[in-house]
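Here is the structure we will look at, set down as structure tokens.
Quick note on labels: first sequence line is chain A, next is B, and so on, each numbered from 1. Bear in mind the structure is a predicted one, so any value in this text is a computation, not a measurement.
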Amino acid sequence: MDDASDAPATDGGAGAAGGSEPTPEEEAAAAEDFIAEQRHLRLGKLDAMRAAGVDPYPVRFERTTTAGAIQAAHGDLQPGTEIDEKVSIAGRLMLMRRQGKLSFATLVDRDGPIQLFVSTAVIGEVAHHDFDDLDRGDWIGVEGTIMTTRRGELSVKVAGFTLLSKTIRPLPEKWHGLTDTDTRYRQRYVDLVMNENARRIARIRIQTISRVRHYLEGQGFSEVEGPVLQSTQGGATARPFVTHHNALGNDLYLRIALELHLKRLIVGGLDRVFEIGRVFRNEGVDTTHNPEFTMLEVYQAFGDYNDMMDLTEGIIADAARDVLPDMKVTYGGVELNLAPPYRRATMVALIEEELGVDINPAMPVEAARKVLDGLGVAYRADWGSGRLTNAVYDELLQHKIVQPTFVLDHPREVSPLARPHRDDPTLTERFELVISGHELANAYSELNDPVDQLQRFEDEAAAKAHGDAEAGDVDLDYVRALEYGMPPTGGMGMGMDRLVMLLTGTPSIREVILFPTLRPEPGMGGLTESTPGPRGDL
RNA sequence: GCGCCGCUAGCUCAACUGGUUAGAGCAAGUGACUCUUAAUCACUAGGUUCGGGGUUCGAGUCCCCGGCGGCGUACCA
């Protein structure tokens, strides 16, 4: 891409009043500096190469093996061995050690490093000079044979090489690498080149999502895709992003959850479905929250929340198996044991056990308020005993739960999509899986009574009308679906990013999302200003 | 949102209580070098100290405003 030429000129006149935006002149000057500096360094080499008939960006290269395969096949060779096996490999030059008529270089491909041994005696003076003229960061293809050096380093003895892509920008420092978090997130491509931990987290994320998918398929679940653009807000409580469809002439939400469309598919008879997909919440950004994140939701007809507990344990255990052979991980300085079974305890019992107080959604609201007064927990006048019970749990208990624990039977008042508990109508059949003080999964025996569901939607809509931006809409189409009959169903949602955080021992969600949401970088093109949407900020 | 901390060469970092011309390593350029491993050695070049204003004889350093980031805190996964 030609990043110098497009961005500045096109937004004629906008932003003059703001003062904080770089002017087009400043951006042009910055681009000028870049070009001036780089032309001195490497663009000159490009020109020279082209003049000499060498294409610095050729179209294809045929490789026969990789660094890892060579290491695996020949890792046991004695020092000073040469074998007559021809290989062709490709990768990025990461280190160069030139010493006259002999050069060593470290080539890295996706498996890792392998040393290149380049000798004038083998390839001649001209080719060796061309090799020494390469820059750290260049992509090259190499043909050669397998050897070990006198000190035993497995190497490819280079018989010939081809430049595959010329690097114009210098890589970060070879020893300290790239540490600036802002640059690491904005230029993840450089982070991945330089930092083994970035590659490790990326690898575990890829592997985790793949394992979850295959585990569920193995259990008879079908992967489906619901709509991202939706006209009603529901399935969770969160502020949505709003966008606009020009041809249809209406505003749309970006989904905040996967739930309601998956359950429509249960109504349609798909029986066991799941989706791993991106959801969007227009809320704060911090160590554990990104505006877009990846959710897993699973629905199983004829099951209940007990089945979901078993399934949740199975998913986590299966995902952890490769990454954590002993099922243990140190997170936040504490060793967590992810081996099932996990403790199962009701919210009311945990409060009693940990805090020594008796509070539950069935008790008179005055009595519940006294409990909160005694504990020093703040509450609002319109909360019932259910919400008060939940407040005690949220404020004083959840963050203390370290080892994996299913917290069961949340008050009905805080669980609009869960089915009332079979033994106690003030509770629901719901659980949250809490690990290291954070909620990793949330599940219900799903509510399938359309009349009850409509009532709960209307309660939420009333809250929204009173200014609660996180409250959902009345989704009458969903109610209509339930009226056609949804079988008894267990459903579960799990944050995939948080699962990866857990498996990698990473405290920040931005480390496990390859491209976390950041403020736009000035001068890089695209949207940089706040343009009020058709409905403004909800 | 709020609070605290940070931003110095392409990268990683120095620069005392405000005091000459802002230093070093790596990367880059030139040269030497046939077994290196962050190769080594010599020389060269590289800076709007995040931006703007202020205090001062003098500001990378102090003050104010703004930008970007990190962490903490409140709510959501």
Side-chain angles (χ1 to χ4, degrees), chain A residues 18-23 26 29-30 33-34 37-38 40-42 44-45 79-80 94-106 113 115-122 128 132-133 135-137 147-155 157 167-187 190 194 235-240 256-257 279-297 378 394-395 432-434 438-442 468-470 493-499 501 507-510 516 518-522:
Chain A
S20 58
E21 300 278 334
T23 64
E26 283 169 337
D33 280 351
F34 165 68
E37 173 201 336
Q38 297 303 320
H40 275 110
L41 299 174
R42 299 195 192 166
K45 284 190 184 177
M94 291 301 289
L95 293 169
M96 304 275 279
R97 297 178 287 281
R98 305 171 180 110
Q99 39 178 75
K101 295 191 172 63
L102 195 59
S103 295
F104 299 90
T106 305
Q115 177 166 273
L116 303 180
F117 179 96
V118 183
S119 168
T120 300
V122 177
H128 194 175
D132 282 351
D133 210 32
D135 289 294
R136 189 164 161 266
M147 62 168 281
T148 52
T149 62
R150 285 175 203 163
R151 299 212 179 161
E153 177 88 17
L154 184 63
S155 307
K157 187 175 190 178
T167 306
I168 297 303
R169 292 178 184 255
L171 288 175
E173 209 252 356
K174 63 187 174 191
W175 187 242
H176 299 96
L178 181 66
T179 60
D180 181 74
T181 48
D182 185 32
T183 311
R184 287 184 45 237
Y185 296 157
R186 287 189 191 282
Q187 301 182 38
V190 182
M194 298 308 298
T237 52
R239 294 167 74 102
I256 58 171
V279 299
F280 306 85
R281 299 189 182 177
N282 205 339
E283 290 171 347
V285 176
D286 65 26
T287 321
T288 53
H289 298 88
N290 195 66
E292 51 177 309
F293 61 102
T294 302
M295 284 267 289
L296 161 71
E297 291 198 26
D394 273 352
E395 289 287 316
E432 291 182 327
L433 174 61
V434 178
H438 285 101
E439 180 191 331
L440 182 66
N442 183 21
D468 183 353
E470 294 186 352
M494 188 186 295
M496 289 290 98
D497 312 281
R498 292 208 172 156
L499 177 60
M501 288 167 71
S508 168
I509 197 170
R510 306 182 121 192
L518 300 167
R519 281 197 166 79
E521 187 180 351

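Taking atom P in both A32(B) and A38(B), the straight-line distance is 25 Å, to the nearest Å. Remark: the separation of the P atoms in G29(B) and G46(B) is 16 Å, to the nearest Å. Nucleotides G31(B) and C68(B), compared at atom P, are 46 Å apart to the nearest Å. Between the C1' atoms of A28(B) and A15(B), the separation comes to 24 Å (whole Å). With P as the reference atom, A74(B) and G69(B) are 22 Å apart, rounded to whole Å. A distance of about 12 Å separates the C1' atoms of C7(B) and G51(B), rounded to the whole Å. Straight-line distance between the P atoms of A22(B) and U61(B): roughly 14 Å, to the nearest whole Å. Look at the P atom in both A27(B) and C11(B): the space between them is 15 Å, to the nearest Å.
Inter-residue side-chain proximity for L95(A) and F104(A) is flagged as unmet; no heavy-atom pair is nearer than 4.5 Å. Considering only heavy atoms from C-beta on, V434(A) stays 4.5 Å or farther from L440(A) through its side chain. The shortest distance between side-chain heavy atoms of M94(A) and M194(A) falls below 4.5 Å. Taking 4.5 Å as the limit, some side-chain heavy atom of Y185(A) sits within range of a side-chain heavy atom of S508(A). Two residues are said to be in side-chain contact when any heavy atoms from C-beta on lie closer than 4.5 Å; L116(A) and S155(A) fail this criterion. The closest side-chain heavy-atom distance from I256(A) to V279(A) is not below 4.5 Å.
In this structure, R184(A) reaches neither bases nor backbone, as no heavy-atom distance under 4.0 Å exists between it and the strands shown. Nucleic acid contact class of T149(A) (heavy atoms, under 4.0 Å, all strands): base. No engagement by D132(A) is indicated, since no non-hydrogen atom pair under 4.0 Å with the nucleic acid exists. Nucleic acid contact for T288(A): base, since at least one base atom lies under 4.0 Å from a heavy atom of the residue. Counting non-hydrogen atoms under 4.0 angstrom, Y185(A) reaches the backbone sugars and phosphates but no base. Across all strands shown, E395(A) has heavy atoms under 4.0 Å from sugar-phosphate atoms exclusively, and none from any base. Counting non-hydrogen atoms under 4.0 angstrom, A236(A) reaches nothing in the nucleic acid.
The closest side-chain donor-acceptor pair between S103(A) and D132(A) falls under 3.5 angstrom.
Where pairing requires Watson-Crick or G-U contacts shorter than 3.5 Å, the helical stems of RNA chain B with at least three consecutive pairs are B:1-7 with B:67-73, B:10-13 with B:23-26, B:28-32 with B:40-44, B:50-54 with B:62-66.
Remark: C1' of G67(B) and CZ of R186(A) are 11 Å apart, rounded to the nearest angstrom. Look at CG on D133(A): it is 11 Å from P on A28(B), rounded to the nearest Å. Rounded to a whole Å, the CD atom of E153(A) is 11 Å from the C1' atom of C35(B). When the P atom of A74(B) is taken as reference, atom CG of D394(A) falls 12 Å away, rounded to whole Å. Computed from coordinates, the F104(A) CZ to C35(B) P distance equals 7 Å when rounded to whole Å. Atom-to-atom, CZ of R136(A) to P of U37(B) comes out at 16 Å; the value is rounded to the nearest Å. Here C26(B) presents its P atom at 17 Å from CG of D135(A), a figure rounded to the nearest Å. Rounded to whole angstrom, the span from the CZ atom of R169(A) across to the C1' atom of A27(B) amounts to 15 Å.
Nearest-nucleotide positions on RNA chain B for R510(A) and R281(A) put R510(A) closer to the 5' end. Between P172(A) and T181(A), the residue anchored closer to the 5' end of RNA chain B is P172(A), taking for each the nucleotide with the nearest heavy atom.
Closest of all the heavy-atom pairs between M147(A) and K157(A) is SD-CB, 3.5 Å.
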Inset, instruction - Apply salt bridge (Lys or Arg N to Asp or Glu O under 4.0 Å) to the pair R184(A) and D180(A), showing each step before the final yes or no. - result: CA-CA 6 Å; R184(A) 287 184 45 237; D180(A) 181 74; over 6 Å; no
Inset, instruction - Let me see the working for R97(A) and Q115(A) under side-chain contact (heavy atoms from CB on, under 4.5 Å), right down to the final yes or no. - result: CA-CA 10 Å; R97(A) 297 178 287 281; Q115(A) 177 166 273; 2.7 Å; yes
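Proximity note for D286(A) (side chain, C-beta onward) versus C68(B), C75(B), A38(B): the nearest is C75(B).
The structure places NE2 of H128(A) at 7.0 Å from CG of L102(A), a figure rounded to the nearest 0.5 Å. Remark: N290(A) CG to F280(A) CZ distance equals 10.5 Å, nearest 0.5 Å. Rounding to the nearest 0.5 Å gives a distance of 7.0 Å between CD of E283(A) and CZ of R281(A). If you take CD on E439(A) and OG1 on T288(A), they are separated by 11.0 Å, rounding to the nearest 0.5 Å.
Applying the 4.0 Å criterion to OP1 and OP2 of G72(B), one finds that T287(A) has a side-chain N or O inside that range.
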Return the polar atom pairs (N/O with N/O) between nucleotides 12-15 of chain B and the protein under 3.5 Å, or none.
{"residue": "U12(B)", "atom": "OP1", "partner": "T179(A)", "partner atom": "N", "Å": "3.1"}
{"residue": "U12(B)", "atom": "OP1", "partner": "T179(A)", "partner atom": "OG1", "Å": "3.2"}
{"residue": "U12(B)", "atom": "OP1", "partner": "D180(A)", "partner atom": "N", "Å": "3.1"}

Protein-nucleotides 39-43 of chain B N/O pairs under 3.5 Å:
{"residue": "A39(B)", "atom": "OP1", "partner": "K174(A)", "partner atom": "NZ", "Å": "2.5"}
{"residue": "A39(B)", "atom": "OP2", "partner": "R97(A)", "partner atom": "NH1", "Å": "3.0"}
{"residue": "A39(B)", "atom": "N7", "partner": "R98(A)", "partner atom": "O", "Å": "3.4"}
{"residue": "A39(B)", "atom": "N6", "partner": "R98(A)", "partner atom": "O", "Å": "3.1"}

